A.B. asks: 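Got a structure here, written out as structure tokens. Questions coming.
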Amino acid sequence: MVQAHSMETVRVNARKSDAFDIFNLKHYQGANPYLETGAMVFSFALTGYEEPLKIEEYLQIIGDYYPRMLNVEGGYNSYAQLFARTVAEVGQLDMGLHLDKWSCKPGEDESIIAVQSLHARTSRSVVYFVWDWFEAMTQNQQIVFDEQIKVIQDMFRRSVYGGPTVYALLRTAAVKDIPTFYLWDEGLMQYGYGKKQVRGIATTFDSDSHIDSDFTTRKDDCKAFLNTLGFPVPSGSIVTTREEAISVAKSIGYPVAVKPVVGHKGIGVTADVQDSEELKAAFSRAVKAIPDEQLTRVIVEKSVSGADFRLLCVNGRFVAATERRPAWVEGDGRLSIDELIERENRTKARRDTPTSALSKIQRDEAMELFLEEQGLSSDSVIEKGQTVYLRKVANLSAGGVSMDATSTVHPDNIVLAQDIAQHFRLTCLGIDAIARDLSKSWKAGGFGILEINSAPGIFMHLNPATGESVDVPARILETFFDSDNDGKIPLITFNLIGKEELEAIIDYILLQHPDWTIGAVCKEGVFINRSEKHLNKDYNSNVQNLLRNPKLDLLIAEYQGNILEREGMFYTDSNIVILDNPTDIEGMLARNIDGDGILVIKETNSISIKRQGLIEQYELGENEPFSRVYLKEIATIL
């Protein structure tokens, strides 16, 4: 096999005991000279200090963790290629992340590796972990693999992309080729460019009514509203003191449910409270869950018996239903409840990642109190085969189990969900209900609406612990984008264009479309139509700010080689790419072109135009400006 050369120069980051060196790490947000996606790019070399193992020996060990790496056609021709592929595999973090693209450009003394990346800090940690792993293999040493992967998984989970709902939408947008990027200053995701954009976080979007969203958090008012519509809601009242809570519970009769008026994710909620002593503890939990800036307001309502369900509507239409069950353990006659929880949490099913169906079971006061009600504690050993539920509330983030119930929902219950959703200008609406059987009509009784949620999580539907997956992220994005191109505006990319020439193009387009808003950027300035704006020293910030403009109809951008090398390209899929004597790096612009796009290349006086799979070539006439060529092509997309 062909091996990478040893370095003749002094090592950069390696120790004298290392066989490999990693240096020049750089993160690109978008397409770059090395990969067509966001990437972590770095140099890889042999140090010459320590003799590496044979490639096959590394592969044999790596294959125990990543078997599919063993079945690569043609094998691995260099250590750099094996390292690159390993980083790509590890970078998916056992979460099924969609980051699987990589490249390896060999050089005489070093190779340049690029691996698809989303979050810079996570990707950097992956690269260093794989480096440590290779060095450990070289020294015949063990590495704490699972623990290190968990540390990096947690790092990704804490990133802006790591929430299950956010990541599910982002991955679906990538599959659908909907341009997506994070707006750091605003803390929002943007889907689509310019006037085609939608902004939001998780399942809330800028098209949602903030008034309706706020209304759903006022559980008392919302419940009263649902009651006026004739929908089944449990009787109860809002209280501010423990004494009031006891009085209301006595009035409506036990069992009752207790929860804060303002809250989410089931925090501070206690169901099936049987007496005043339990009520005192439940009231304290509810108060503890209320944010400091909020008044003490707690709901005490009649507890409805049955299973816990979430009905989800998107754009006013019923989409999915999930049953949620509290976490439980099954006894073996030997281990304590605490030990059973620990064993369950170590299973692969409970990876507690953005793409796992089950979270780890959480131990807290609510669990201990519920065990106490059952005459148990975390130290209790239960009989073999006996099932013990660990809490009353089916909180998935605390280890609860999600079970798809979409196909079992009675038509009356579907109509009920849709009728509720139609009253709110919200893209997504979650309806939490208790029912003995969701396949029976709510009109037959045994059905109660607990609350509605304007920012419902969706991963329980996409990846339930049991049952069929419902592709909710796709349904949400289809609300805004009927097809792949619905999120895009025309993009015109130059490798070289001056300020005056750029202004002339803007005038040319405005003559045909005087009502358009055109964004343009070159190294000399930023424009919205003919109005010059602030030029940020970070070039891609200028591009992002233009694409963030909700009125933008078209973008023109210059990308010279030094910008592409330093920052990469912010967007892909240009409609027209116009290259004037391009450098090798600027040639990457021709890769990032829409399938139906046009490529215009000028080499000295030779013109080459590629459109719809056909190439046209000719020579510029004497004193014929290049603008005459590309303006004709620009006209075809206006």
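Quantities reported herein were computed from a predicted structural model and do not represent experimental measurements. Position 1 is the first residue of the sequence; numbering continues from there.
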A.B. asks: Calculate, to the nearest 0.5 Å, the distance between atoms CD and CD belonging to E567 and Q29 respectively.
C.D. replies: 10.0 Å
A.B. asks: Is it true that E478 and K176 have a side-chain N and a carboxylate O under 4.0 angstrom from each other?
C.D. replies: yes
A.B. asks: So, Q60 side chain and E57 main chain: donor-acceptor pair closer than 3.5 Å or not?
C.D. replies: no
A.B. asks: Measuring from atom CG of L59 to atom OH of Y66, what distance do you get when rounded to the nearest 0.5 angstrom?
C.D. replies: 13.5 Å
A.B. asks: So, taking the atom named CD in E558 and the one named CG in L589, what distance separates them when rounded to the nearest 0.5 Å?
C.D. replies: 10.5 Å
A.B. asks: Check the side chains of N395 and S397 for a donor-acceptor pair under 3.5 angstrom, ignoring hydrogens and angles.
C.D. replies: yes
A.B. asks: Around atom CG of D596, are there more than 12 heavy atoms of other residues, nucleotides or ligands at under 6.0 Å?
C.D. replies: no
A.B. asks: Should the ring pair Y161 and Y182 be called parallel, tilted or perpendicular, given that the plane angle runs from 0 to 90° and is split at 30 and 60?
C.D. replies: perpendicular
A.B. asks: Any side-chain to backbone donor/acceptor pair from D471 onto S469? Under 3.5 Å, distance only.
C.D. replies: no
A.B. asks: Tell me whether D177 is salt-bridged to K488, with the criterion being a basic N under 4.0 Å from an acidic carboxylate O.
C.D. replies: yes
A.B. asks: Are any side-chain N or O atoms of D338 and backbone N or O atoms of S378, one a donor and one an acceptor, separated by less than 3.5 Å?
C.D. replies: no
A.B. asks: Counting only heavy atoms not in Q139 (residues, nucleotides, ligands), do more than 12 fall under 6.0 Å from its CD?
C.D. replies: yes
A.B. asks: Less than 4.0 angstrom from a charged side-chain N to a carboxylate O is my criterion; do E532 and K499 meet it?
C.D. replies: yes
A.B. asks: Answer yes or no: is there an ion pair linking E89 with R85, defined by an N-O contact shorter than 4.0 Å?
C.D. replies: yes
A.B. asks: Looking at R15 and D18, does any basic side-chain N land under 4.0 Å from a carboxylate oxygen?
C.D. replies: yes
A.B. asks: Given 3.5 Å as the limit, does a donor-acceptor pair link the side chain of T204 with the main chain of G200, or not?
C.D. replies: no
A.B. asks: As a quick check of understanding, evaluate ring pair (Phe, Tyr, Trp, His ring centres under 6.0 Å) for F205 and F480, giving each step before the final call.
C.D. replies: CA-CA 10 Å; F205 300 92; F480 306 110; 5.1 Å; yes
A.B. asks: Strictly distance-based, threshold 3.5 Å: is any side-chain N or O of R350 a donor or acceptor partner for the main-chain N or O of G399?
C.D. replies: yes
A.B. asks: Any donor-acceptor pair under 3.5 Å linking the side chain of T47 with the backbone of D21?
C.D. replies: no
A.B. asks: Got more than 12 heavy atoms from elsewhere within 6.0 Å of CG, N140?
C.D. replies: no
A.B. asks: Is the distance between the ring centroids of F20 and F83 less than 6.0 Å?
C.D. replies: no
A.B. asks: Begin with the C-alpha distance, continue with both residues' side-chain angles, and end with the deciding distance and a verdict on ring pair (Phe, Tyr, Trp, His ring centres under 6.0 Å) for Y191 and F181.
C.D. replies: CA-CA 7 Å; Y191 306 88; F181 53 92; 9.3 Å; no
A.B. asks: Does the structure place the NZ or CZ of K54 under 6.0 Å from the centre of the six-membered ring of Y58, at an angle of no more than 45° from the ring's axis?
C.D. replies: no
A.B. asks: Might you work through the ring pair (Phe, Tyr, Trp, His ring centres under 6.0 Å) test for Y539 and Y559, ending with a clear yes or no?
C.D. replies: CA-CA 9 Å; Y539 193 80; Y559 270 106; 5.7 Å; yes
A.B. asks: Please state whether the rings of W133 and F129 are parallel, tilted or perpendicular, taking 30° and 60° as the class boundaries.
C.D. replies: parallel
A.B. asks: Is the distance between the ring centroids of H119 and Y167 under 6.0 Å?
C.D. replies: no
A.B. asks: Between D146 and Y65, is there a side-chain donor-acceptor contact under 3.5 Å, judged purely by atom types and distance?
C.D. replies: no
A.B. asks: Is the backbone of L491 close enough, under 3.5 Å, to the side chain of S574 for a donor and an acceptor to pair up by distance?
C.D. replies: no
A.B. asks: Under a 3.5 Å threshold, yes or no: a donor from one side chain and an acceptor from the other, between H27 and S117?
C.D. replies: yes
A.B. asks: Verify the neighbour count for atom CG of D584: are there more than 12 heavy atoms of other residues, nucleotides or ligands below 6.0 Å?
C.D. replies: no
A.B. asks: Give the ring-plane orientation class for F494 versus Y630, where under 30° counts as parallel, over 60° as perpendicular and anything between as tilted.
C.D. replies: perpendicular
A.B. asks: Taking the side chain as every heavy atom from C-beta outward, state whether D573 and N592 have any pair of such atoms under 4.5 Å apart.
C.D. replies: no
A.B. asks: Between T37 and Y28, does a side chain to side chain donor-acceptor pair (under 3.5 Å) hold up when you go through it step by step?
C.D. replies: CA-CA 8 Å; T37 66; Y28 291 96; over 6 Å; no
A.B. asks: I'd like to know if D538 pairs up with R566 as an ion pair, taking the criterion as any Lys NZ or Arg NE/NH1/NH2 lying under 4.0 Å from an Asp or Glu carboxylate oxygen.
C.D. replies: no
A.B. asks: Spell out, as yes or no, whether a donor-acceptor pair under 3.5 Å connects the side chain of K360 to the backbone of N345.
C.D. replies: yes
